[in-house]
Amino acid sequence: MPPGTVHAVCSLDCPDSCGVLVTIDDTGRATRLRGDPSHPVTRGFLCGKVAKYLDRVYSPDRLLYPMRRRAGVPKTALPHGRESESFERISWDEALDTISSRLAAVARDHGPESILPYSYAGTVGVLGYGSMDRRFFHRLGASQLDRTICSETGGQAIISVYGRKLGTDPEAFPHARLIIAWAANIHGNNIHLWPFVEEARRNGAKLVVIDPYATRTARAADWHIPINPGTDSALALGLMHIIVRDGLYDRDYVARWTCGFDQLREHIAEYTPDCVSALTGISVPDIERLAHDYATTTPAVIRLNYGVQRSDNGGAATRAICMLPALTGAWKHYGGGLQLSTSGAFKWDKAALERPDLAEASPLGREARIVNMSLLGEALTEPDSPALGSDPSNRPAVHALFVYNSNPAAIAPDQAAVLRGLSRPGLFTVVHEQFFTDTADYADILLPATTFFEQKDIQGAYGHYYVQLSEQAIAPLGEARSNVWLFSELAQRMGFTEPCFRDTPDDLIAQALRSNEPDKQHPWLAGITPETLQAAGGAQRLRFEEEQINQPFLPFAEGPFATPSGRIEFYSATLEAQGIDPLPSFRPAPESRHTSERERYPLEFLPRKADNYMNSTFSNLPAHRAMESAYNGVLEIHADDATARGISDGDTVDVFNDRGSIALRAHVNGSVRPGVVAARLNWNKFSAGGHNVNLLTSQRLNDLGGGPVFYSTLVDVRKSS
Ligand SMILES: Nc1nc2c(c(=O)[nH]1)N[C@H]1C(S)=C(S)[C@@H](COP(=O)(O)OP(=O)(O)OC[C@H]3O[C@@H](n4cnc5c(=O)[nH]c(N)nc54)[C@H](O)[C@@H]3O)O[C@H]1N2
Ligand SMILES: Nc1nc2c(c(=O)[nH]1)N[C@H]1C(S)=C(S)[C@@H](COP(=O)(O)OP(=O)(O)OC[C@H]3O[C@@H](n4cnc5c(=O)[nH]c(N)nc54)[C@H](O)[C@@H]3O)O[C@H]1N2
Ligand code: SF4
Ligand SMILES: [Mo]
C-alpha cells in the first residue's frame, strides 16, 4: 500500500459505522487511526475500543496462517496463550483441499443440509457480512441460517407497525425537546448519538432513560426510570392508556394514517396506571408524568434500542413502544419520532450479492432448510429437534459446521449445550477468525481472517443514513484472507463453475449499489457509485430527496405506508394470521419476578454487553481489558440482596440456575435495584471457571422472529465456599 491516508469504515457491529482515517507509513504499516472529521454524524472521533484498534490489528495473538487440529487432540476449551500447541500450521492449499473434500464427503454421506454455516456480524461491511459466503452455501445446498441473535425481533416488530425499518435521523435529534432513551445505552453502545443529544439538551431538551440498569447514559440523564426487566410492553400500553384517556393523542394523524385505533383503545383499557405500576415497579405519579411529558412536548423522540427485545415478551414490547409516536403524531415534527434502526434505508441488491437462486443448482435443487442460530446448542446436540428445521420429515443432523464472523462458544445462549455440541466427536468444524477465540478452540481447521484495515468493502449503518466506501488500508497480515476471498477460493475447489464465484470485491460493490445498471438503482442510491463515494471523501448521504422525504427527513410524517393496509398498523392482521397477538400485550416471561419460577431463582439477571468490548470482541486484548477492569468478572448486586445472603462487596459469589454456575466478584454499587443482578459478556477463557454469562442463559425463543431471551434469565447467588 502506498504511504498516505486511507478512508476506511469501522466494521464492528455498532450503529455508528464511523468514518475512519488510517495513516500508512512508507513501509505500508498503519501508524495512526482517527475519526474522519468530515463525516457528518461520526464527526472525527472514535469510541475508546476502536481508538485502540491498532492494538488489535498488530496484536501478537493474531491468527496469521491456516492450521489444523493435531491428531488425537480432543476438542475442549484451551488456555489463553497455549492454544497453538493443539494445532499445526498448514498451507492455504492444504486447508482449502481438506475443507472442500470434507464438505463434499459430508454432503454425499448425509446430504448437504447437514452442513451448517454459522456467521453473524464480526464485520458489518456489506461484502464481508453476506455476499460470496451466501453464494457458496446456496450453491452447496447447505442449511440456511436464520440470523436471529440480535435484531430480528425488533426489525419484525417495527415493520409490522410501519412496514419499514426507518427512523428519526440522528442529525435531527438536536431539534428534539424530549428524548427518551428506551433500553438504549447511548454512551456505551452508540456514542456518536450523544453529541446530538447534548446539543438538544443545551437547547432545553430533557433526557429520560428507561433501563433497569443505571448505565452511564442513565446517570447522565435528567430522569432515570429503572423499570422491572421485561415489562416494557406494560409501560408502553399504560402510557397509551393515559394519552388516550386524557385526550392527548393526535386525532387527525391517527384518523388519516393509522388503522386499528378502535381495537387499540379497547385493548389498552385494562392497562391502568395502577396495574402498570405493579408490573413495572414504576410509581403511578411517575407513569402519569412520563405520559404527559411525552404527549405534550414537541418534538419528542424515542431512541429505542435492542435491549428491550431480548426477552420473551420483547416483540410485543417493541411493537407497543413503536406505536407511541403514531398515537401522538410525533413523526410530523423534525426531531420527533423514534429511532430503532436506520438499516432499512440501505437498499443493496441483496439478491445479486447472495444469489439464493443458486440453490436450484445445488444437489438439493431447492431452498435448504432453515436453522435458527439462537438454537445452536439444540441443533448440534438434539437429534430430530425442531431446531433442525420446520419440516419434521427433513431434519438431518449437523455433521459440518462452518463458523465465520462469530464466536458462538461465547455469545450464544445455553453455553453448556453449545460447548457439548462443539466437542461432539465426528463434527467437522471450520473456524475463520482473527484470534484464538473460545470457538476457535474447537476447530478442526482454523483459518486466519483479515480485519477491516486489510480488505475493501462498502457499508451502510444502523444509526445514520450515509453510505461509505471502506478502502483497504494495509496488506493482509501474514496469510490472513477476507471472507470474500475464502468463499471464492472454496467455490473453485468445489468445482462451482458459475462466473459469480470469480467476482472481485469491486464487482461485488458495483452489484451492491447496482451502479453497473444505473437504471435499476434504488432511488435512494441513485447516482451513488464507488467513484462518487471516493470523490466525496468516502461518505455520501442516501438520496431521500427522490421521495420527497428529505427536506427535512420525515420518514413517517405521511402515508401511504409500506404495510399491507397502507397505514400504520396498531392492529396487525398479518401477525394475527401467523398466530401472534394482533395487538401487543404484556405477558410475563417464564423466568421473571412474575412467575412461580422466581421461588427457585429469585433474581432477574442482566447478562449485559461491556462498554469497552464489542460483544465478545476485544475481551482478549490487554488494553481493552484494562479499560473494562472495574467490571471484568463482576456481579453487580443491590445491597439488600447482598446483605440477605451474607455477601459483602468484593466477595466471590456463585451465580447459578439449572443450566450452570459461574463465579464472579460481588460489587454493590447502586447500578441495579433489589431483585436484579447484572454481569457482562466476555470470553470464557478469561472467566473464572471457564464460562461466561451465557452459561446461565436459555435457548427459549421470544414472541416474534425467534429471537433469544438473554435478558429474561433467573438466577440465585450465594457466597462461594
Ligand atoms: N460498547 C459496546 N457497544 C456495542 C456493543 C457492545 O457489545 N459493546 N454491541 C453492539 C450490538 S451487537 C448491538 S445489537 C447494539 C445494541 O445496543 P443496545 O440495544 O443499546 O444494547 P443492549 O446493551 O443489549 O441493551 C440496551 C439496554 O437495555 C437494557 N435492558 C435490558 N433489559 C431491559 C428491559 O427489559 N427493559 C428496558 N427498558 N431495558 C432493558 C440494558 O440494561 C441495556 O442498558 O450495541 C452495539 N454496540
Ligand atoms: N449474554 C449476552 N449474549 C449476547 C448478547 C448480549 O448482550 N448478552 N448480545 C447478542 C448480540 S446483540 C449479538 S449481535 C451477538 C454477537 O455475536 P458475534 O457476532 O459472534 O460477536 P462477537 O463476539 O463480536 O464475535 C465476532 C467475531 O468475528 C470475528 N471477525 C471480525 N471480522 C471478521 C471477518 O472479517 N471475518 C471473519 N471470518 N471473522 C471476523 C471477530 O474476531 C470476532 O471473534 O451476541 C449476542 N450474545
Ligand atoms: S465501534 Fe462504533 S463507535 Fe466505535 S469506532 Fe466503531 S462504529 Fe465508531
Ligand atoms: Mo447485536
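Counting starts at 1 for both ligands and their atoms, following the listed order.
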Please check if the side chain of H432 supplies one atom and the backbone of R481 the other of a donor-acceptor pair under 3.5 Å. yes
Could you tell me whether [X] and [Y] make a salt bridge, using a distance below 4.0 angstrom between a side-chain N and a carboxylate O?
| X | Y | result |
| --- | --- | --- |
| K609 | E628 | no |
| K685 | D441 | yes |
| E591 | R659 | yes |
| D312 | R700 | yes |
| D169 | R541 | yes |

Would you say the side-chain atoms of N405 and N483 include a donor-acceptor pair closer than 3.5 Å? yes
Note: ligand 3 atoms sitting under 4.0 Å from heavy atoms of S17 are 7 (S)
Atoms named by residue and atom, protein N, O or S, within reach of atom 4 (Fe) of ligand 3 (under 2.8 Å): C47 SG
What orientation do F136 and F402 show, parallel under 30°, tilted 30 to 60°, or perpendicular over 60°? perpendicular
Can you list everything that forms a side-chain contact (heavy atoms from CB on, under 4.5 Å) with V126? Sequence neighbours excluded, please.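 Only W348, L353, D457, I458, A512 meet the side-chain contact (heavy atoms from CB on, under 4.5 Å) criterion with V126.
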Name the atoms and distances for all side-chain donor-acceptor pairs under 3.5 Å in residues 40-53, with sequence neighbours left out.
unit_1 : atom_1 : unit_2 : atom_2 : d
T42    : OG1    : G19    : N      : 3.3
T42    : OG1    : H39    : ND1    : 3.3

Residue by residue, ordered by chain and number, which ones reach under 4.0 Å of ligand 2 with a heavy atom?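 Within 4.0 Å of ligand 2, protein side: D13, R56, Y120, A121, G122, T123, I149, C150, R310, Y404, N405, S406, N407, I411, H432, E433, Q434, T437, A449, T450, Q455, N483, P607, K609, M614, N615, S616, T617, L681, V693, N694, F710, Y711.
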